[in-house]
*Asks:* 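Attaching a single structure in structure tokens format; questions to follow.
All values derive from a computational prediction rather than experimental measurement. Heads up: numbering here begins at 1 and tracks the sequence.
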Amino acid sequence: MNFLQAKDKIYSKKDFYEALKSVGIERGECICVHTELFNLGIALVGREEFLGILLEVFKELLGENGTLIMPTFTYDFCKDRDFDKKNHKSTMGVLTEFFRLQEGVLRSDDPIYSFAIWGKDKRDFLSPTPTCFSENCVYDILAKKGGKIVLLGTDKVGYTFTHFIEERARVSYRYYKEFSGKIIDERGLVREKSIQFYVRDLKQEKSIFSVPKQVDILKANHNFRRESFANACIVSIKAKAYLKDTLSILAQNEKALL
């Protein structure tokens, strides 16, 4: 079925399926997908059908033993607002919000960096953590399972995994700040929640990591598979190697990413 046009070319579901395979996504894997869909081109079907086709292809490729994860981050908890797991919309793009609402998808409890998760291992990613990116957070489990970060429609954004690494490395240009409030779960039950967020130290001259420097590390370690698709691209990155190789660089120079 044709669903996307980019310049003079029409793309089908099969084209998208093959593009995902070309960056090394395999049956039974765990993948975390970050998106910028507006870069791809012009949708030839309605909004919900277009989003549904993307999810259908991801699920078809991953199969019954695979796990699909998407970020559904929200930052209202940092502004003294409650986190409503069922009704709080994702700020990470239309596909992530559409995915969050699908049958069989669970949402993690982190009131700042929540994720929507579907598939065989989805419950393995739901452990509560004292900080946003401490041991057993979604990114930590993804790396332990040998999963991948997938960027759809971009190679410029989607590197939140680096914040997980910065916390693991305890870089000095960030520090822990506690946020507290209420979480409203899927059943409407309310509970108190406090979480430590490893935030930027705004007093320091530099505290924002450079995406090009992070990408250079990934490429130097042959961990950046990129293929053109429509008007943009698809990228896959092995999470375990992403963690190991970047930690190694930060151990030598903690400001290597700045």
*Asks:* Report the distance from atom CG of D110 to atom OG1 of T74, rounding to the nearest 0.5 Å.
*Replies:*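 Between D110 CG and T74 OG1, I get 8.5 Å after rounding to 0.5 Å.
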*Asks:* Are L55 and L95 close enough that some pair of their side-chain heavy atoms sits under 4.5 Å apart?
*Replies:*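 Result yes, sub-4.5 Å side-chain heavy-atom pair found.
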*Asks:* Between I208 and R200, is any pair of side-chain heavy atoms under 4.5 Å apart?
*Replies:*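 Yes; the side chains approach each other to less than 4.5 Å.
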*Asks:* Could you report the tightest heavy-atom contact between F83 and K85, atom names first, then the distance?
*Replies:*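 Heavy atoms of F83 and K85 come nearest at CE2-CG, 3.4 Å.
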*Asks:* How about T131 and F197: do any of their side-chain heavy atoms sit closer than 4.5 Å?
*Replies:*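 Sidechains of F197 and T131: no contact.
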*Asks:* Using the side-chain contact (heavy atoms from CB on, under 4.5 Å) definition, which of the options F115, F164, F125 pairs with C137?
*Replies:*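 It is F164; the other options fail the test.
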*Asks:* Heavy atoms, side chains only, cut-off 4.5 Å: are H88 and R107 in contact?
*Replies:*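 A side-chain contact under 4.5 Å exists here.
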*Asks:* Name all residues meeting the ring-ring contact (aromatic ring centres under 6.0 Å, His included) criterion together with F133; count only those two or more places apart in sequence or in a different chain, and write none if there are none.
*Replies:*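 Checked F133 against ring-ring contact (aromatic ring centres under 6.0 Å, His included); matches are Y113, Y139.
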*Asks:* Which heavy atom of L258 sits nearest to which heavy atom of S207, and what is that distance?
*Replies:*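 Closest approach of L258 to S207: CD2-C, 4.0 Å.
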*Asks:* Does some side-chain heavy atom of I217 sit less than 4.5 Å from a side-chain heavy atom of N221?
*Replies:*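 Yes - at least one pair of side-chain heavy atoms lies under 4.5 Å apart.
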*Asks:* For residues 207-228, which residue pairs qualify under salt bridge (charged side-chain N to carboxylate O under 4.0 Å, His left out), counting only residues two or more places apart or in two chains?
*Replies:*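 The answer is D155-R226.
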*Asks:* Any pair with a residue in residues 48-75 that passes salt bridge (charged side-chain N to carboxylate O under 4.0 Å, His left out), sequence neighbours left out, goes on the list, sorted by first then second residue, please.
*Replies:*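 For residues 48-75: K13-E56.
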*Asks:* Using only atom types and a distance under 3.5 Å, with no angle test, would you say the side chain of K122 pairs donor to acceptor with the backbone of G104?
*Replies:*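 Judged by distance alone, yes, a pair lies under 3.5 Å.
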*Asks:* Quick one, N39 and N231 - any side-chain contact, counting heavy atoms below 4.5 Å?
*Replies:*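 Heavy-atom side-chain distance check fails, nothing below 4.5 Å.
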*Asks:* Taking all non-hydrogen atoms of both residues, which atom of A239 and which atom of A143 are closest, and how far apart?
*Replies:*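 Distance-wise, the nearest heavy atoms are CB-CA, 3.9 Å.
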*Asks:* Which residue pairs satisfy the ring pair (Phe, Tyr, Trp, His ring centres under 6.0 Å) criterion with at least one member in residues 221-247, sequence neighbours excluded?
*Replies:*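 As it turns out, the ring pair (Phe, Tyr, Trp, His ring centres under 6.0 Å) pairs with a partner in residues 221-247, which skip direct neighbours, are Y11-F229, F16-F229, F161-Y242.
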*Asks:* For S22, which residues count as a side chain to side chain donor-acceptor pair (under 3.5 Å) partner, sequence neighbours excluded?
*Replies:*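 Residues passing side chain to side chain donor-acceptor pair (under 3.5 Å) with S22: none at all.
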*Asks:* With no hydrogens and no angle check, is any side-chain donor or acceptor of S12 less than 3.5 Å from a backbone partner on D15?
*Replies:*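 Yes; judged by distance alone, with no hydrogens or angles, the pair exists.
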*Asks:* Please enumerate all residues that pass side chain to side chain donor-acceptor pair (under 3.5 Å) together with H163, with sequence neighbours excluded.
*Replies:*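 Scan of H163 (side chain to side chain donor-acceptor pair (under 3.5 Å), adjacent residues dropped) gives E166, R174.
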*Asks:* Would you mind reporting whether I149 and T160 have side-chain heavy atoms less than 4.5 Å apart?
*Replies:*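 No, every pair of side-chain atoms sits at 4.5 Å or beyond.
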*Asks:* Okay, side chain of S194, backbone of S180: is any donor-acceptor separation there less than 3.5 Å?
*Replies:*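 Flag not set: sc S194 to bb S180 has no pair under 3.5 Å.
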*Asks:* Please, which pairs that meet ring pair (Phe, Tyr, Trp, His ring centres under 6.0 Å) have at least one residue in residues 29-56, sequence neighbours excluded?
*Replies:*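 Output for this query lists F3-F50.
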*Asks:* Where the side chain of Q5 meets the backbone of K7, is there a donor-acceptor pair that is under 3.5 Å apart?
*Replies:*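 Yes: the side chain of Q5 pairs with the backbone of K7.
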*Asks:* Look up atom CG in L151 and atom CD1 in I234, then write down how far apart they are to the nearest 0.5 Å.
*Replies:*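 Output value for this atom pair is 10.0 Å.
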*Asks:* Output the distance between atom CE (M1) and atom CD1 (I53), rounded to the nearest 0.5 Å.
*Replies:*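 Nearest 0.5 Å value for the CE-CD1 distance: 4.0 Å.
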*Asks:* Between OG1 of T67 and CD1 of I141, what distance do you get to the nearest 0.5 Å?
*Replies:*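 Interatomic distance, T67 OG1 to I141 CD1, rounded to 0.5 Å: 11.5 Å.
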*Asks:* Please list, chain by chain and in numerical order, all residues satisfying side chain to side chain donor-acceptor pair (under 3.5 Å) with S228, sequence neighbours excluded.
*Replies:*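 Counting only residues at least two positions away or on another chain, S228 forms no side chain to side chain donor-acceptor pair (under 3.5 Å).
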*Asks:* Could you list all the salt bridge (charged side-chain N to carboxylate O under 4.0 Å, His left out) pairs where at least one residue sits in residues 238-255, not counting sequence neighbours?
*Replies:*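 Residue pairs with at least one partner in residues 238-255: there are none.
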*Asks:* Ignoring hydrogens and angles, tell me if any N or O in the side chain of D121 forms a donor-acceptor pair with the backbone of D124 under 3.5 Å.
*Replies:*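 Here the side-chain-to-backbone pair does not exist.
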*Asks:* For Y176, give me all partners under ring-ring contact (aromatic ring centres under 6.0 Å, His included), at least two apart in sequence or on another chain.
*Replies:*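 Y176 satisfies ring-ring contact (aromatic ring centres under 6.0 Å, His included) with Y198 once adjacent residues are dropped.
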*Asks:* Please find the pair of heavy atoms, one from I31 and one from V33, that lie closest to each other, and give the distance.
*Replies:*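 Residues I31 and V33, closest heavy atoms: CD1-CG2, 3.8 Å.
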*Asks:* Could you list all the side-chain hydrogen bond (donor to acceptor under 3.5 Å, both in side chains) pairs where at least one residue sits in residues 95-104, not counting sequence neighbours?
*Replies:*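 Pairs touching residues 95-104 that pass the test: S90-T96, E97-R100.
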*Asks:* Considering only heavy atoms from C-beta outward, does the side chain of T162 approach that of V211 to under 4.5 Å?
*Replies:*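 The answer is no, as the side chains (C-beta and beyond) never meet within the 4.5 Å cut-off.
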*Asks:* Identify whether the distance between the nearest side-chain nitrogen and carboxylate oxygen of K193 and D109 falls below 4.0 Å.
*Replies:*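 So K193 does not pair with D109 through a salt bridge.
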*Asks:* Measure the spacing between OG1 of T154 and CD of E36 and express it to the nearest 0.5 Å.
*Replies:*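 Atom-to-atom, T154:OG1 and E36:CD are 4.5 Å apart.
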*Asks:* With rounding to the nearest 0.5 angstrom, report the CD to CG distance, E186 to D84.
*Replies:*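 Interatomic distance, E186 CD to D84 CG, rounded to 0.5 Å: 9.0 Å.
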*Asks:* Which residues pass the side chain to side chain donor-acceptor pair (under 3.5 Å) test with R47, not counting sequence neighbours?
*Replies:*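 Once residues adjacent in sequence are excluded, R47 has no partner under the side chain to side chain donor-acceptor pair (under 3.5 Å) criterion.
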